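Presented below is the structure to which this report refers.
For reference, positions follow the sequence shown, starting with 1. Worth saying up front: this structure is predicted, and the values here are computed from it rather than measured.
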Amino acid sequence: MLVLSTIMSLLIGSGCVISAALFLILFIGDRKKEYLYIALFMLSQYLIELMVRGYETGSPIYYYLHSYFSAPVVIKSLLYCASVFLVCCLFRRALDKSRAWILVPVEVLLFIWLVMFPLLGVRTGFLYICYLLPFQLLVIVLAFIGSKSFGGVTQKSIFLKLDVFLRVVGILGIVIVFEDVVTGLYYGLGNDVAGLVASGAIRSRNIGENIFQIIIAVYLIAVAGHFFVGKIAAKPIHDEGSTERLPEEVVDTYAASVGLSLREREILGFLLEEKSAQEISELLFISVGTVKSHTHNIYQKAGVGNRMQLLQKIKICSAD
């Protein structure tokens, strides 16, 4: 059992580190905030894995810190606070703009609960269930909402479909909650679950959580790998006779003059680079339908019907 636990821990740890490194490289190259959020989220999951591993290995130093200072619990709570913030950042655009504000009080309440938990000094089965339950429910809800909102975002392989991936994440989240509830009930809502974990009677994680972290890491590595391969194999977008690239300040000025939103300005840049709706959706983690909707709005505000007319109009406006 210990050997299996060690293997799973190595898989999770290496997967988290590799995916975090890949998306950090993507962020450095493209400066997309989403890449940084993903990299930091996977790094937080790796650090949480180290904390869990401390319980399972029975390190004397670890248990000394746990018994007298509750340091591992405090650090783990702070890491989960960071995870809450990063998850909300990643899924904020999945919600309708009129409802996105809901995430703010949700974040605040989760922060308060996760920070207060180490101060309670109680490790009963009831709190074992309740400690991460709000965060788990948040992930489940956002995963299913995101599967609908990001449904059109796909890569070349069916295994990289974002909507399918998010549904799997939501289902695994439900499995994790079920396992936690069953474990808490089995060992008693009033018993000291932390003591049972420390004694080795039960492990501090469940099978669903192992699978959950591994699938996320594998998916993110596959997505990052797809991007890297695409960049290496990509042919130049512009032919020798194609138009030159417009300066960013020119495009910014034009975007402001016609009242483009920040997202529309972002998509405008990709349109001028002659990227397809599919390519834009993959780069921005939004659906193809959303890209087409923003593109339509851009054309309407600019008073044009296609990319070539848009490019010519920006050139004319910049020359005036």
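- A salt bridge links Arg265 with Glu248: the closest approach of a Lys/Arg side-chain nitrogen to an acidic carboxylate oxygen falls below 4.0 angstrom.
- Here the straight-line distance linking atom CD of Glu209 with atom CD of Gln136 works out to 7.5 Å at 0.5 Å rounding.
- Atom-to-atom distance recorded for Leu132:CG and Trp113:CH2 is 10.0 Å, nearest 0.5 angstrom.
- One distance of note links CG of Leu22 with CD1 of Ile38; it measures 11.0 Å at 0.5 Å rounding.
- The closest side-chain heavy-atom distance from Tyr80 to Val115 is not below 4.5 Å.
- For the pair Ala224 and Phe23, the tightest heavy-atom approach, listed with the atom from each and the gap, is CB-CE1, 3.8 Å.
- Tyr219 and Phe165 have parallel rings, their planes meeting at less than 30° on a 0 to 90° scale where 60° marks the start of perpendicular.
- A heavy-atom distance below 4.5 Å is found between the side chains of Leu138 and Cys88.
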Quiz item: Can Ile48 and Ser83 be said to form a side-chain contact (heavy atoms from CB on, under 4.5 Å), step by step?
Solution: CA-CA 10 Å; Ile48 290 172; Ser83 296; 4.2 Å; yes

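- Here the closest non-hydrogen pair linking Leu268 and Ala255 is CD2-CB, 4.2 Å.
- Here the OH-SG distance, from Tyr37 to Cys89, works out to 4.0 Å after rounding to the nearest 0.5 Å.
- Between Leu260 and Lys301, the shortest heavy-atom distance links the atoms CD2-CD, 3.7 Å.
- Cluster annotation: Phe111 and Val104 are assigned to distinct hydrophobic clusters (Ile/Leu/Val/Met/Phe/Trp/Tyr, side-chain heavy-atom contacts under 4.5 Å, transitive).
- Side-chain contact between Ile314 and Leu272: present, with at least one pair of heavy atoms (C-beta onward) separated by less than 4.5 Å.
- Not a single donor-acceptor pair under 3.5 Å links the side chain of Ser147 to the backbone N or O of Leu166.
- Scanning both residues, Tyr299 and Leu310, for their nearest heavy atoms gives CE2-CD2, 4.0 Å.
- Between atom NZ of residue Lys33 and atom CG of residue Leu40 there is a gap of 13.5 Å, rounded to the nearest 0.5 Å.
- Looking at Phe212 and Val139, their side chains come closer than 4.5 Å, going by heavy atoms from C-beta outward.
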Self-check item: Evaluation steps, side-chain contact (heavy atoms from CB on, under 4.5 Å), between Leu43 and Leu24
Solution: CA-CA 10 Å; Leu43 180 60; Leu24 184 59; over 6 Å; no

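- Note: the hydrophobic cluster containing Leu109 does not contain Phe135 (ILVMFWY, side chain heavy atoms under 4.5 Å, direct or indirect links).
- Put simply, the side chain of Leu220 does not reach to within 4.5 Å of the side chain of Ile18, judged on heavy atoms.
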Practice problem: Would you sort out whether Thr295 and Ile280 count as a side-chain contact (heavy atoms from CB on, under 4.5 Å), showing the intermediate values? | Solution: CA-CA 11 Å; Thr295 302; Ile280 296 173; 5.5 Å; no

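- A side-chain donor-acceptor contact under 3.5 Å links Lys313 to the backbone of Ala302.
- In terms of modelled atom types and a separation under 3.5 Å, the side chain of Ser293 and the main chain of Thr290 share no donor-acceptor contact.
- Other residues, nucleotides and ligands contribute only 12 or fewer heavy atoms inside 6.0 Å of the NZ atom of Lys292.
- The closest donor-acceptor contact from the side chain of Gln309 to the backbone of Gly305 lies under 3.5 Å.
- The local environment of OH in Tyr46 is sparse, with at most 12 non-hydrogen atoms from other residues, nucleotides or ligands closer than 6.0 Å.
- Contact check for Ile211 versus Val175: no side-chain heavy atoms found under the 4.5 Å cut-off.
- Looking at heavy atoms from C-beta onward, Leu262 lies out of side-chain contact with Glu266 at the 4.5 angstrom threshold.
- Between Val168 and Leu172 there is a side-chain heavy-atom pair separated by less than 4.5 Å.
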Exercise. Given side-chain contact (heavy atoms from CB on, under 4.5 Å), test Gln312 with Val304 step by step and report yes or no.
Key: CA-CA 10 Å; Gln312 293 302 321; Val304 298; over 6 Å; no

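- Here Leu311 contributes atom CG and Glu274 contributes atom CD; the two are 8.5 Å apart, rounded to the nearest 0.5 Å.
- The two residues Arg307 and Ala277 have their closest heavy-atom pair at NH2-N, 4.5 Å.
- Nearest approach of Ala217 to Cys16, heavy atoms of both residues: CB-N, 4.1 Å.
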